[in-house]
Structure formats: structure tokens, C-alpha cells
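Reading through the C-alpha cells given below for one structure.
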Amino acid sequence: MGWHYAFGRASLQSNSVWGSLQMDTKFGKGCHLHLIDGSAFIFRAYHALPPLTRKSDGLPVGAVSGFCNMLQRYVEGNNGADAATHVAVIFDKGSHTFRNDLYDLYKANREAMPEDLRPQIPLTRKATEAFNIACKELEGFEADDIIATLSCMAREAGGRVTIVSSDKDLMQLVGDGVEMLDPMKNKRIDRDGVIEKFGVGPERVVDVQALAGDSVDNVPGAPGIGIKTAALLINEYGDLESLLDRAGEIKQPKRRETLIEKRAQIEMSKRLVQLDCDMDLDFTLEDLEVRDPEPDVLLGFLSEMEFRTITQRIAAKLGTEPPVIAEPAAEAAADEVEAVPFDADKYECVSDASALQVWIDRIVQAGYVAVDTETTSLDEMRADIVGISLCVEPGQACYIPIAHKASRGDDLFGSDDLAEGQMDRDEVLGMLRPLLEDPSVLKIGQNMKYDAKIFALLGVDVAPIDDTMLMSYAMHGGLHNHGMDGLSERYLSHKPIEIKSLLGTGKAAVTFDRVPVDDAVKYAAEDADITLRLWQAFKPKLHRVGVTTVYETLERPLVPVLARMEMAGIKVDRDTLSRMSNAFAQKMAGLEAEIHELAGRSFNVGSPKQLGEIMFDEMGLTLPDGKKPSTGKTGAYSTGADVLEDLATIHDLPRRILDWRQLSKLKSTYTDALQEHINPDTGRVHTSYSIAGANTGRLASTDPNLQNIPVRSEEGRRIREAFVADDGKVLVSLDYSQIELRILAHVAGIPALKQAFVDGVDIHAMTASEMFDVPLDEMTPEVRRQAKAINFGVIYGISGFGLARNLRIPRDQAQGFIDRYFERFPGIRAYMDDTVAFAKEHGYVQTLFGRKIHTPEINSKGPTAGFAKRAAINAPIQGTAADVIRRAMTRMDTAIERIPARMLLQVHDELLFEVDAEAADDLIEVARNVMEGAADPAVKLDVHLAVDGGQGATWAEAH
DNA sequence: ACGCTCACG
DNA sequence: GACGTACGTGAGCGTA
């Protein structure tokens with residue numbers, strides 16, 4: 001039973017003049033054109049299959065394999081009366097289309113393409129060609145437009161068309177001999193099918209889409225109108241134009257208002273969804289005629305991809321012998337990888353161009369490389385590069401010294417001359433640049449943000465990347481830290497050379513350029529070696545743990561975004577800080593004198609120990625509740641703000657201390673320390689964000705911390721006046737309003753809470769009203785304050801004790817509040833119980849986006865159990881909010897590119913931008929849209945995410 | 001090195 | 001019945 005390739009066979013059967021058709025027949029009556037939506041095939045293949053890699057070299061090929069299977073299945077099914085005489089697979093090309101010019105947020109919600117899919121795209125083109133099927137695309141156009149143009153052409157020529165796709169946008173093309181075929185359900189969709197889906201005929205589908213919008217592609221449409229309503233309106237008024245012209249006649253007030261007010265937006269939506277039937281194509285329908293595949297070409301491609309099963313199947317059907325696919329010694333090699341011992345003596349020192357070229361060739365061959373840079377400072381903005389290490393295979397790594405100083409035995413401080421045997425920096429960079437920027441070579445690093453910044457400042461844009469620190473964070477969040485040394489010991493059982501042993505510690509520490517080259521080779525090359533080994537261990541584990549999407553959408557894409565933000569920095573006015581510092585110093589001196597006077601003697605006001613002894617032992621102050629003053633671990637009296645606040649009711653001293661402490665904090669941490677952080681070259685402050693620091697997925701800001709600049713007190717808020725926009729620009733601040741409570745409303749499913757956000761009422765007042773049966777218009781600030789504390793308490797894993805302390809009320813009263821709250825919102829209790837139960841069973845909790853936060857102490861006994869429980873309750877909420885803003889940030893750069901604007905800072909629920917003054921309003925609109933839509937399309941929140949915005953010359957004004 | 005205190009969300 | 005407690009961070013200072 002010989003197998004004929006379905007196209008050939010079908011054509012021969014259904015059309016006896018197959019041969020002549022192939023020669024010169026014009027496309028026309030009797031012809032049947034199949035148009036396959038290639039991108040849809042690819043994505044379906046990608047998501048349907050596990051992440052397979054080519055055995056010989058690890059190239060990701062899962063999607064290609066699925067794509068080939070789908071093509072083969074399609075081809076086999078293509079026979080009988082409906083068989084195609086002409087066929088093409090159509091692809092999208094380029095991310096920017098005319099629709100982006102119409103509306104810059106078009107498809108802005110789209111997830112970035114997964115890293116392991118990107119290299120497979122060109123391979124799917126090759127696969128199509130290997131099947132000998134026409135493969136068409138056009139820069140700047142979506143596949144849908146090409147499909148539209150071709151079906152119009154085919155229809156006009158009198159032929160039939162089948163569009164193989166399930167994309168509902170293509171339904172507008174159906175009719176007059178054009179049908180769709182959903183390849184998964186194997187269901188044909190004709191005119192009736194379209195009416196079933198859209199409620200209108202194909203010719204009016206665009207009108208319905210224009211009204212209903214599309215959250216996936218970010219087509220706005222008319223708010224509040226879905227497909228059902230849209231179809232109703234179109235059927236009543238005939239078409240969109242008539243509807244909009246006669247919108248005033250609509251009875252429902254809300255609907256009428258929307259259609260009148262949003263007319264422009266609706267008309268733009270129509271232009272976005274309207275397919276272009278009139279493109280200029282550089283090929284004809286005749287070019288799409290079906291052709292039998294060349295067995296050699298097809299089998300050659302399949303065997304090159306190392307698809308054993310498909311190759312054999314197709315070879316059998318073609319009646320040929322399948323080509324032999326070499327079985328690499330993969331298993332044996334993999335075991336050996338584990339066994340390769342660390343040997344610092346095997347690392348190579350690269351000191352000339354020919355040696356470097358050998359490494360570059362190896363890396364290009366491999367398609368990946370572990371990279372590490374050595375510099376003179378942990379602050380990238382002040383660091384000079386000293387050397388680069390590379391590794392492509394465990395145990396085989398090199399170090400390229402660039403700027404090591406010559407060391408001389410008789411000179412304690414070393415010399416300023418460069419050591420011998422080093423390549424010129426620019427020569428090294430010139431050779432490495434093509435590699436580091438090569439889209440087909442993956443650069444692997446541990447904390448790549450650091451190295452990417454070092455390279456970026458030297459004019460090299462490193463991409464694409466993988467980051468072992470972030471892989472670990474995605475897999476092991478909550479279990480341990482993700483520093484390289486720890487990971488190496490834990491996962492490779494190897495203790496790396498400590499940097500201390502090369503640089504020394506404390507005052508005597510030297511910079512890396514003072515390290516002798518021989519020592520540097522051992523240390524630096526080992527780091528690259530470790531990084532590569534960690535990557536090999538983590539890459540497959542990422543899938544097993546089920547956090548590939550988390551890593552690819554929430555962690556890795558943040559690296560270039562944060563690198564840009566950190567390099568941009570924010571302008572800080574030194575004079576403002578300096579003036580404030582002097583003012584604080586004066587006030588503090590005055591307070592200090594008063595404090596000593598009140599205390600009866602002089603002491604260090606900054607010492608809690610001395611203060612405690614003075615207040616409680618010498619002066620004999622007693623707490624209002626009559627309790628003994630509490631002590632900490634060291635036995636010293638506790639003198640925290642809450643204690644002093646209580647004591648302030650009986651004596652003047654504690655208030656003075658509180659005032660002094662506030663000023664001291666502002667002066668030392670902000671007005672003084674911040675000045676030290678102004679970069680002399682840029683005049684700006686460049687913080688560093690740690691992506692893998694906080695357990696919940698939040699970022700953390702260090703050196704300096706710009707996420708805790710004062711704002712709550714009037715005095716402190718003035719610090720923000722020193723954060724200014726550059727000349728001619730303004731700062732724009734956008735922050736999520738009550739994002740954690742909104743997420744709580746969603747995850748716990750609290751109808752009253754959700755409704756409150758829909759109605760836009762004061763959420764704390766609403767809570768108070770529900771709990772205390774007080775009507776909203778009779779709400780007092782005090783009752784509202786208590787409800788607010790409870791709302792926050794819930795997010796933190798409330799306890800009677802904690803609430804009592806926070807509100808300074810008796811514990812039983814606080815417990816009463818909590819009981820009442822749970823009575824009114826029983827879903828909250830259920831959420832808390834379920835979350836803790838989940839944590840106990842699985843050892844982790846999860847955010848809505850799949851981030852896992854491990855809770856290793858959840859099953860412990862004693863007080864730690866309480867901590868672990870509350871942390872488990874809080875983590876999904878805080879973590880989901882963190883995921884949301886991460887998603888917003890990864891999409892923000894491209895969204896605001898054209899304005900142009902720069903994102904400078906992230907403060908958990910706030911993003912701060914710098915933009916030309918006249919473009920500020922534009923930015924606010926665009927950035928707000930990105931932020932409000934950041935959960936889409938991965939998660940459909942029941943609650944709208946609202947974003948407040950402001951602008952001004954300083955951060956104080958913008959916030 | 002560690003604890004205390006306090007700045008932020 | 002008693003533990004002990006709001007969640008998540010980072011920095012500066014004093015004390016050991």
C-alpha cells in the first residue's frame with residue numbers, strides 16, 4: 001500500500017489535468033485555495049508540546065516538531081472533493097504594523113515571545129518549504145491581511161477558499177465561497193457559523209468587533225458593550241455608521257452616552273479590526289499551486305531536526321527508507337557532565353586575538369555561553385571592566401584579563417602600569433560584540449543585570465540572556481538565597497574560591513585590578529564554569545517545577561528594563577539636601593539641649609540603651625498601662641516610637657526624643673547619605689534593584705534605597721523636593737490605587753468588596769459601614785481609621801494582639817472587631833484557611849500568575865508557626881501585586897518609546913517617569929493604560945485596577 | 001556582626 | 001493554657 005502524498009493524490013483524483021494545471025492553468029473556477037494561518041499553528045504547537053530540544057545540541061524544537069505534525073496531519077486529511085488545488089501558509093512579519101501607527105497600544109497586552117520559541121520561528125518557515133508548500137509573509141503586515149487579500153483575489157477569480165484558522169478576526173472574510181476550517185475541532189465555519197458566533201453576517205462582523213473590542217489584542221471598542229449587545233445594535237440600525245449617527249435615539253442612557261462619547265474610539269477600533277483586502281503582493285495565486293514534496297528535501301529537513309518518529313512515519317508513507325539520525329552519546333555525556341571535577345588549573349588565560357577567536361568559534365558552534373565580568377566596583381556606574389570570563393562546557397573556561405595592574409614585590413600599593421600579556425580592551429570588545437549581540441547565541445549569567453550594565457556602558461547590548469540567579473528565584477523562592485556561592489554549594493556540591501581571599505577585607509581590601517592575573521584566572525573562570533553548570537542543572541528543572549512561564553515573563557524580561565532604569569538614575573539637587581541638612585542640624589542641637597535639661601544630665605541621645613536607663617531607672621517613668629518596661633534580646637529597655645508615644649502622655653522628654661529621632665533619621669539617612677550617592681559624572685542617583693531579594697516577588701532597592709524616601713510626615717515629604725526633573729522635563733508618578741485590597745477582593749471572592757471598587761466608593765469607609773452599621777454619610781474619621789487598620793490587618797494575616805496594638809485598644813475589643821469582620825465577609829476567613837491549608841500540604845503558596853513562594857516553616861511548632869502562617873496568607877496578595885507591576889514594567893518600555901519618556905523608579909505600587917513637559921499628559925494616558933491592563937491577558941481580574949497619576953517639577957509635586 | 005529603630009509599600 | 005505576634009523590605013547607628 002504505497003502512500004501518495006495527499007496533495008498529489010487528491011489533485012490527481014479530483015482533477016485529471018493535474019499536470020497541465022501545474023503548467024499554466026490560471027486560478028479560477030474549480031480551483032480551491034487553502035490559506036493556513038501559520039502563526040496560529042506555531043503557537044498551538046508551542047503550547048501543546050513539552051519543551052523538546054534537539055538532542056545533539058539542545059536547540060529548542062518542540063514547536064517545530066508540533067508544527068510539522070500539524071502540517072502532516074493537514075496534508076493527509078487534504079483529499080476528496082474539498083481538496084486544495086492551491087495552498088499557502090501565511091506568517092506574520094515584524095512586530096510593528098500600520099495598526100500600531102493608528103493606536104500605539106494595539107496588542108500592547110501581548111506577552112513577549114518566549115525565549116525558546118524565538119529561534120524556532122525561522123525553522124517553521126523552513127519546515128513549510130520542506131513540505132513544498134508556499135510560505136508567504138510581508139514586512140509590516142499581519143498574516144490576517146495577507147489572508148484577506150488572497151481570499152478576495154481568489155473569490156473574484158471564481159475559485160473557492162478555505163481559511164485554516166480559528167482566529168475569529170478572519171470570520172469577516174467568510175461568504176461567497178470562502179469558508180473557515182478550525183483545524184483543532186475540524187469544524188467548518190460558513191456564513192451560518194459566523195452568524196452563530198457574532199450574531200451578524202460576515203459583512204457586519206467588523207462593526208460588531210469595533211463595538212465589542214478585543215481585550216486580547218487591546219482593541220478598546222465601546223466600554224460596557226460586548227458581542228451580544230453589539231450584534232443587537234447592529235441588527236437594529238443596519239450598520240455601525242448608521243448606529244453612531246443615530247446614537248441619540250438609543251433608550252438606555254448609559255449605552256447612548258457611551259456611543260456618543262466614545263465615537264472616535266469606536267471608529268478607530270473599526271480601523272484596527274478591519275482587514276486589508278487590497279495589499280500589493282509580489283506573487284500570484286498561480287504561485288500557490290500545490291506541489292508534491294521532494295522526499296529528499298522533506299526527509300532531510302526532518303532528520304536534521306532529529307525528529308525520529310515523524311521522519312520514520314513520513315518515510316514509510318513515501319515508501320522510502322528513512323535516513324539514519326545519528327544518536328549522540330547524549331546519555332553518556334550527560335553523566336560525564338556531572339562527573340567533570342572542578343580544576344582551576346585547567347582554566348585558560350586568553351591573552352591574544354587568535355586564542356580569543358578559538359573561543360568565539362566554539363561559542364558560536366554551541367549557541368550559548370556563560371559570561372562573567374570582573375570590575376573595580378560593585379557600583380556599575382563607577383566600575384571599570386578588568387576582565388571577562390567565558391565557559392561553554394563544564395570544566396572548560398577561560399579568563400580574558402584586560403586591565404590588571406602590574407604588581408611589584410617592592411611596592412605595597414602596586415603600580416599604575418598595566419600587567420603584561422593583556423589584550424586591548426577595545427579589541428576584546430570588538431571581537432566579542434557580535435557574539436554578545438548575536439540573537440542566536442544565548443548569554444548565560446549569574447545576576448546578568450550587573451554584567452549587562454557593564455557591557456551597556458561600553459556600548460554593547462547583551463541579548464538574549466538567561467540568568468541562573470533568576471532561575472533559582474523562580475524555582476526556590478522562599479527556600480534560600482540565590483547568590484552564586486550558595487547555589488554552587490547547594491546544587492553543585494562545590495565551594496567556590498572566596499573573593500575575600502583575593503581582595504582581602506575591610507580597609508585593606510583592594511580592587512580586582514590589583515589581583516595578580518594568575519589568581520584572577522582561577523577565580524573568574526571558575527565563576528563562569530559554575531554559572532554554566534548551574535544553568536545546565538536548572539534549565540530542565542524549571543519545567544519540572546512548573547515555573548518556566550514565571551521565569552520567562554516575570555523575571556528575565558525585567559533584566560534589561562531595570563538595567564535601563566538604573567542607568568538613567570534620577571536627578572537629585574545637592575543644594576536642597578544640603579540646606580535641609582543644616583536646618584535639621586540646628587533643630588537637633590536645640591532639642592538635644594532641651595533633652596539634656598529634662599533628663600538632668602548629658603548623654604548620647606542616639607543611644608537607646610542610655611535613654612532607657614535614664615527614663616526608667618534614673619527618672620522612674622512608668623508606662624500608662626502600669627506594665628513593666630519591656631526589654632529586648634540584649635536586656636536593654638525598649639524605647640521604640642510606640643513606647644515613647646505612650647510615655648509622652650506623662651512627661652515632656654519622650655516627645656522631644658521622638659522629634660529628635662525623626663530629624664536624626666532624615667538627616668543621616670536622607671539629606672546626608674543621599675548626597676554621597678549623587679554620581680559625579682551624571683549628577684544623578686542610580687539605585688540598584690535586586691530582582692531576587694524579596695521572597696514575595698517584590699523588588700528591593702539598595703545603594704541607596706529609593707523605595708523608602710519619606711512621604712508620610714510633612715517634614716519628611718520635603719526630602720522629595722530634592723528629587724527633580726531634568727531641565728525642560730517633568731516627573732510623572734503613577735500608582736495603583738489599593739491594589740492589594742483589590743487583589744484580595746478577587747482571590748477571596750468578596751462580592752461587597754468588589755462592588756465597592758466598581759462603585760468607586762471609599763473602601764475603608766465601606767468596610768466601616770458594613771462592620772459597624774454606620775451609614776456612609778454618617779461616617780466619622782475615627783471609625784473609618786479603625787476599619788482601615790482592619791483592612792490592612794487582613795492582608796497581613798490579622799491577629800487580635802496585632803490589631804489591638806496597632807489601634808491601641810484592648811485586646812478583646814480588637815478580637816471583637818475581627819470576629820465581626822469575618823462575620824460580614826466570610827470569604828476572607830475561607831481564603832485565609834484555604835491558603836494556610838494549601839501551604840501545609842504543598843510547602844508553598846502561589847500568586848495568580850503562578851509564582852511560587854515556599855513556606856518551609858509552615859509546619860513548625862510554636863511562635864514560628866504563627867509567623868509562617870501570616871506570611872503565607874500575605875504572600876499571594878503581596879506577590880500578585882508585585883507580579884502585576886512587573887508585567888506593567890516589561891511592557892512599558894516599548895509603550896512609551898515614541899513619546900519619548902523614561903521610566904526611572906519603581907516603588908512597589910508606583911512608577912516614576914521623566915518626560916518632556918509638553919508630553920506629560922500623553923505619557924500619563926499611555927502608561928496608565930499599560931498599568932491598568934497589566935494583568936491581561938494572563939489573568940482576568942474581577943476587579944478593575946485603578947491607577948492615579950500626577951506630574952510636577954519634583955517628586956513631591958508629582959506624587 | 002547584630003540588634004534597635006525607623007523610613008517606605 | 002501559654003507561647004509570641006501584624007506582611008514585605010534597607011540603612012544608619014550604637015553596642016558588643
### Task
Take the protein atom CG of Asp659(A) and the nucleotide atom P of dT5(B), then report the distance between them rounded to whole Å.
17 Å

### Message
Starting the side chain at C-beta, find the nucleotide from dT5(B), dC7(C), dA7(B) nearest to Gln662(A).
### Response
dA7(B)

### Message
Nearest to the Ala789(A) side chain among dG8(C), dG9(B), dA6(C), which nucleotide is it?
### Response
dA6(C)

### Query
Is the centre of the Phe838(A) ring less than 6.0 Å from the centre of the Tyr844(A) ring?
yes

### Task
Scan Ala641(A) against the nucleic acid and name what it touches under 4.0 Å (heavy atoms): base, sugar-phosphate only, or nothing.
sugar-phosphate

### Message
So Ser638(A), base contact, sugar-phosphate only, or nothing? Heavy-atom distance under 4.0 Å.
### Response
sugar-phosphate

### Message
Students often get this wrong, so: under 4.0 angstrom with heavy atoms, is Thr669(A) touching a base, only sugar-phosphate, or nothing?
### Response
sugar-phosphate

### Query
Aromatic ring centroids of Phe584(A) and Tyr670(A) under 6.0 Å?
no

### Task
Determine the contact category for Lys633(A): base if any of its heavy atoms lies under 4.0 Å from a base atom, sugar-phosphate if only primed atoms, P, OP1 or OP2 are that close, otherwise nothing.
sugar-phosphate

### Query
For Glu645(A) and dT5(B), what is the distance between atoms CD and P respectively, to the nearest whole Å?
14 Å

### Query
Between Gln707(A) and dG8(C), does any side-chain N or O lie under 4.0 Å from OP1 or OP2?
no

### Task
Over 60° means perpendicular and under 30° means parallel, so classify the ring planes of His476(A) and His482(A), tilted if in between.
parallel

### Message
Whether Arg805(A) contacts dA6(C) is assessed here as follows: a side-chain N or O lying under 4.0 Å from the phosphate OP1 or OP2. Is that the case?
### Response
yes

#### Entry: Comparing Arg811(A) and Asn705(A) on DNA chain C - which has the more 5′ nearest nucleotide
Arg811(A)

## Note on the structure
Which of dC6(B), dG9(B), dT5(C) is nearest the side chain of Tyr796(A)? It is dG9(B)

### Task
Give none if dT5(C) has no partner; otherwise give the nucleotide forming a Watson-Crick or G-U wobble pair with it, both distances under 3.5 Å.
none

### Message
In this structure, how many angstroms lie between the C1' atom of dA6(C) and the CD atom of Gln878(A), rounded?
### Response
13 Å

### Query
Nearest-Å distance, CD1 (Ile739(A)) to P (dG8(C))?
18 Å

### Query
Quantified in whole Å, what is the P atom distance between nucleotide dC4(B) and nucleotide dA6(C)?
13 Å

Donor-acceptor pairs are to be reported for all side-chain atoms of residues 872-883 of chain A against protein atoms at under 3.5 Å, with residues two or more places apart or in another chain.
from, atom 1, to, atom 2, distance (Å)
Asn874(A), OD1, Gln878(A), NE2, 3.2
Asn874(A), ND2, Ile795(A), O, 3.0
Gln878(A), OE1, Thr696(A), OG1, 2.7
Thr880(A), OG1, Leu848(A), N, 3.2
Thr880(A), OG1, Pro876(A), O, 2.5
Asp883(A), OD1, Arg851(A), NE, 2.8
Asp883(A), OD1, Arg851(A), NH2, 3.2
Asp883(A), OD2, Thr847(A), OG1, 2.6

### Query
Could you state the CG-P distance from Asn874(A) to dT5(C), rounded to the nearest angstrom?
18 Å

### Message
How many whole angstroms separate atom CG of Leu803(A) from atom P of dG4(C)?
### Response
21 Å

### Query
How would you label the contact of Tyr670(A) with the nucleic acid (heavy atoms, under 4.0 Å): base, sugar-phosphate, or nothing?
sugar-phosphate

### Message
Run the salt bridge (charged side-chain N to carboxylate O under 4.0 Å, His left out) test against Asp834(A) and tell me which residues pass, sequence neighbours left out.
### Response
none

### Query
Ser701(A) side chain N/O closer than 4.0 Å to the phosphate oxygens (OP1, OP2) of dC8(B)?
no

### Query
Counting only distance, no hydrogens or angles, is the base of dG8(C) paired donor-acceptor with the side chain of Arg870(A) under 3.5 Å?
no

### Task
Take the protein atom CD1 of Ile853(A) and the nucleotide atom C1' of dG8(C), then report the distance between them rounded to whole Å.
11 Å

### Message
Taking the minimum atom-to-atom distance to the side chain of Lys609(A), which one of dA6(C), dC6(B), dA16(C) wins?
### Response
dA16(C)

#### Entry: Closest to the Pro863(A) side chain, choosing from dG4(C), dG9(B), dT5(B)
dG4(C)

#### Entry: Residue-phosphate contact under 4.0 Å: Ser607(A) side-chain N/O, dT15(C) OP1/OP2
yes

### Message
Distance check, P atoms only: dT5(B) and dT5(C), in whole angstrom units.
### Response
13 Å

### Query
Within the structure shown, what part of the strands sits under 4.0 Å from Gly640(A) by heavy-atom distance: base, sugar-phosphate, or nothing?
sugar-phosphate

#### Entry: d(CD, Glu740(A); P, dT9(C)) in whole Å
13 Å

### Message
Does Asp735(A) reach a base, just sugar-phosphate, or nothing at all? Heavy atoms under 4.0 Å.
### Response
nothing

### Message
For Arg720(A), is there an ion pair with Glu957(A) - N to carboxylate O distance below 4.0 angstrom?
### Response
no

### Task
Would you classify Gly632(A) as touching base, sugar-phosphate or nothing, given that sugar-phosphate means primed atoms plus P, OP1 and OP2, and contacts are heavy atoms under 4.0 Å?
sugar-phosphate

### Task
Looking at every strand, decide which applies to Ser664(A) at a 4.0 Å heavy-atom threshold: base, sugar-phosphate, or nothing.
nothing

### Query
Which nucleotide in the list dT15(C), dG10(C), dG12(C) gets nearest to the side chain of Ser690(A)?
dG10(C)

#### Entry: Pairing partner of dA16(C) (Watson-Crick or G-U wobble, both distances under 3.5 Å)
none

### Message
Any base atoms under 4.0 Å from Ile798(A), or only sugar-phosphate, or nothing? Heavy atoms, all strands.
### Response
base

### Task
Verify the neighbour count for atom CD of Gln813(A): are there more than 12 heavy atoms of other residues, nucleotides or ligands below 6.0 Å?
yes

### Message
Check this one for me: any side-chain N or O of Arg661(A) less than 4.0 Å away from OP1 or OP2 of dC6(B)?
### Response
yes

### Summary
For Val943(A) and His746(A), the nearest pair of non-hydrogen atoms, with its separation, is CG2-N, 4.2 Å

### Task
Name the closest nucleotide to the Thr702(A) side chain, picking from dG9(B), dG10(C), dG12(C).
dG10(C)

### Query
With respect to the side chain of Ala694(A), which nucleotide from dT9(C), dG9(B), dT5(B) is positioned closest?
dT9(C)

### Message
What contact category does Ala882(A) fall into here, base, sugar-phosphate, or nothing, at under 4.0 angstrom with non-hydrogen atoms?
### Response
nothing

### Query
Is Glu910(A) touching bases, backbone alone, or none of the nucleic acid, heavy atoms closer than 4.0 Å?
nothing

### Out of dG10(C), dA16(C), dG8(C), whichever nucleotide has its closest atom nearest the side chain of Ala700(A)
dG10(C)

